[in-house]
Amino acid sequence: MNKALAIAKWEFMEKIKSKAIIISFFLTPLIILGFSILPSVFAEKDEATTQAIGVIDETQNYFTSLSDKLSEFKLEDKQPRYVIINLFKQNESVDSLKAEANKNVVMKKIEGYIFLSGNSKKAITFEYRSLSVANFNDYQRFEESFNKIRRMQEFQKANIDTALVSHLINNVEMKKVKLDEKGNESSTDFMKQYFSSFIFIMILFMVIMISGGMLVRSLVEEKSNRLIEIIVSSCKPDDILKGKIMGLSGLTMAQIVVWVLIGVAFAGQGLVMFASFQNLFLLFVYFILGFVLYTAIFVGVGSIVTTEQEAQQITSYLSMITISPIVIMIPAMQNPDSLLIRVLSYIPLTTPGVMILRLNSAPISTLEIAATLAELVLSIYLVIKISSKIFRIGILSYGKMPGLKEIFVWLREKE
Amino acid sequence: MLTVKNLRKEYTNTVAIDNISFSLQPGKIFGLIGPNGAGKTTTIRVILNIIKPTSGEVLFDGKPMDRSIQNVTGYLPEERGLYKKSTVHDVIVYLASLKNVSAHKATRLATEWLTKLDILDSKNKKIEELSKGNQQKIQFITSVIHDPKILILDEPFTGFDPINQQLIKETILSLADAGKIIVLSTHQMDLAEKLCNDIFLINKGKEVCSGNLSEIKRQYGTQSIKIEYQGNAAFLNESSDVAHIDMYQNYAEIQLKDSINPSLFLRSLVDKIEIKHFSIIEPTLNKIFIDAIKN
């Protein structure tokens, strides 16, 4: 055990002094922040300039109201967001009007145009035609404005009280209230929940990727310069395994402490997200067990690779599995009790990620928590057993990477 | 005393070492000699308990080599390398700590050894800043700093210039004088010949010959003599005592037939030519090595 501690201390001290770790200490929070916040920032950011929007209103019913309504939208600098141009001409066919408008769109004289046709009583065609069809915010405004105007007009025709109508045509927004297992209201909304889970899984992913990569690289280095032989001739392989896992866990803890400090220093915002977890303690348990499970896998796998390239490949494959729960994140949060999610909760490699998601979206029965934790602990035990067997032989085999068949032979070998 | 008994190591398709036995005395240098792939490294690994033998055992003072012996063994592997980004001092202290030497003691010993090998000024440098020869010195230090009872050196001289070779050679000899059991694994026959008391020649996992070096030389003596002379020695070409002769102006190397006694042969020469020098040629280790492996 003394020697395991000596190895742990060495791994910790040497890594913490290296440039790579300093970069990861400070770069990782930036990357996580970037991944989680930037997409939403970009998505919400609108065109900052006034756009010319044409309207061909074949029905001749809506142009004035629509133009007034859309002119109400302002940019940040109080300039109108849209300039509405009437493209309808009495004595020209709709087809030629459209052809002309299309030309203007292509020549970028206008951003796009709205085309309205049909009988007001029957079906109405409402189209927006432009080069790009990706600006959701514009569509929403056009659609909502048009629908309000249309409803207003129809209600007025039917002689319904204007005050009542103007009150009714506004949508009522639904507020989502989440209850915890005691039945108390909690203030989480979906986006907050989404991002906090996302950040947690990203941190798990980054931590595993960084430290797993370091572990494998240090093993490859020790193998290629044969230091491993000196180490193996000085202590038990199990001590080496333990020492490396301990050193690395220490490093990871240090890293997380630094990140939390950075979080405290820079963003109260970030802390709100953490505060939205009711099960912070359980989350950390899953997090740490997940970390240990993956590290144990990395030790076993890392001991058989012989070159830097193989090391990199294997590191990235394994890390992909950690991050895989992100793919099912939205369905998992929308329907935390679905069969798929339940099944994934019991597959050791996805347990930590999926449970982090589930903990944050709906109450989970104590039985299920106990079962998944037990399953994780059991698989960590098994993985360490298998890994240390592979490790014992793997670290001394050079040259070609062993095949699966060979590894099975190793596993059957007695100590 | 270190005893290796009937050691055998099999891998899936090959037998790396096949039933080898030898014993090593304190204070003597034991040469483990053989071509590439002969099984030297496997033998060393089994002795050091890095791998388990398929059968056979290694005993140290009558007890099986187990983990408790690990702190008294020192090992210099053939392929060298150290943590490049770390300092000389840190690396030495770390590797000493794996042999249960406290950091405090290791620091003191490191200074002593660095002084002895004339590289004290590198103490706080990173390994990668050192020349290859100096890196090798550091590695040598890490194998001896904990004062091991058993020291295994795999090709300790490669990569050193002649001056440093001399320095390392003297250091190894002084360690032998201090009563260490030293295993020297090498292809460099001339050095093995000068340093080793006992040798073990191994090829394809099997013992070729072993024992005291001078006895082996006697055993492999080839009935060869060397003479310097004046006069006409042409008669030697027809002599029935001679198996083979290389004759030069005033010098000849003669291989005698097995039944011929070199002293009697000399007596038969002195009447015919004037002998200036006569000696029996001892086989070099190199020749023994090549002959033994060819046979």
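Order of the sequence lines sets the chain letters (A, B, ...), proteins ahead of strands, with each chain counted from 1. As the structure is a computational prediction, the values presented were derived from the model and not from experiment. Keep in mind that the numbers below use all heavy atoms, side chains included, and drop hydrogens, waters and symmetry copies.
For the pair A:K3 and B:N100, the tightest heavy-atom approach, listed with the atom from each and the gap, is CE-OD1, 3.9 Å.
Counting non-hydrogen atoms of neighbouring residues, nucleotides and ligands closer than 6.0 angstrom, the CG atom of B:D118 reaches no more than 12 such neighbours. Heavy atoms of other residues, nucleotides or ligands lying less than 6.0 angstrom from OH of B:Y11 number more than 12. A 6.0 Å sphere centred on NZ of B:K123 holds more than 12 heavy atoms belonging to other residues, nucleotides or ligands.
Between B:R45 and A:E229, at least one side-chain N (NZ, or NE/NH1/NH2) sits under 4.0 Å from a carboxylate O, which counts as a salt bridge.
No part of A:K9 comes within reach of chain B, as not one of its non-hydrogen atoms sits under 4.5 angstrom from that chain. Looking at B:V72, neither its backbone nor its side chain comes within 4.5 Å of chain A, counting heavy atoms on both sides. Of the two parts of B:S86, the backbone and the side chain both hold a non-hydrogen atom closer than 4.5 Å to a non-hydrogen atom of chain A.
Counting only heavy atoms from C-beta outward, the side chains of B:K99 and A:C235 never approach each other to under 4.5 Å. The shortest side-chain heavy-atom distance between A:K17 and B:D90 falls under the 4.5 Å cut-off. Looking at A:N225 and B:Q139, their side chains never come closer than 4.5 Å, going by heavy atoms from C-beta outward. Looking only at side-chain heavy atoms (C-beta outward), A:S233 and B:N49 stay at 4.5 Å or farther from each other. Between B:L95 and A:L227 there is a side-chain heavy-atom pair separated by less than 4.5 Å. Looking at B:Y94 and A:I7, their side chains come closer than 4.5 Å, going by heavy atoms from C-beta outward.
Remark: B:N164 pairs with B:K137, B:D161 by the side chain to side chain donor-acceptor pair (under 3.5 Å) rule, at least two apart or across chains.
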Before you tell me yes or no, could you show the steps for B:Y83 and A:E221 under side chain to side chain donor-acceptor pair (under 3.5 Å), namely the whole-Å CA-CA distance, both residues' side-chain angles and the distance that decides it to 0.1 Å?
CA-CA 8 Å; B:Y83 300 99; A:E221 189 197 355; over 6 Å; no
One pair to check against side-chain contact (heavy atoms from CB on, under 4.5 Å): B:Y75 and A:V232. What are the steps and the verdict?
CA-CA 11 Å; B:Y75 178 34; A:V232 176; over 6 Å; no
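Between the CD atom in B:Q70 and the NZ atom in A:K236 there is a gap of 9.0 Å [rounded to 0.5 Å]. In this structure, A:I230 CD1 and B:L82 CG are separated by 7.0 Å, a value rounded to the nearest 0.5 Å.
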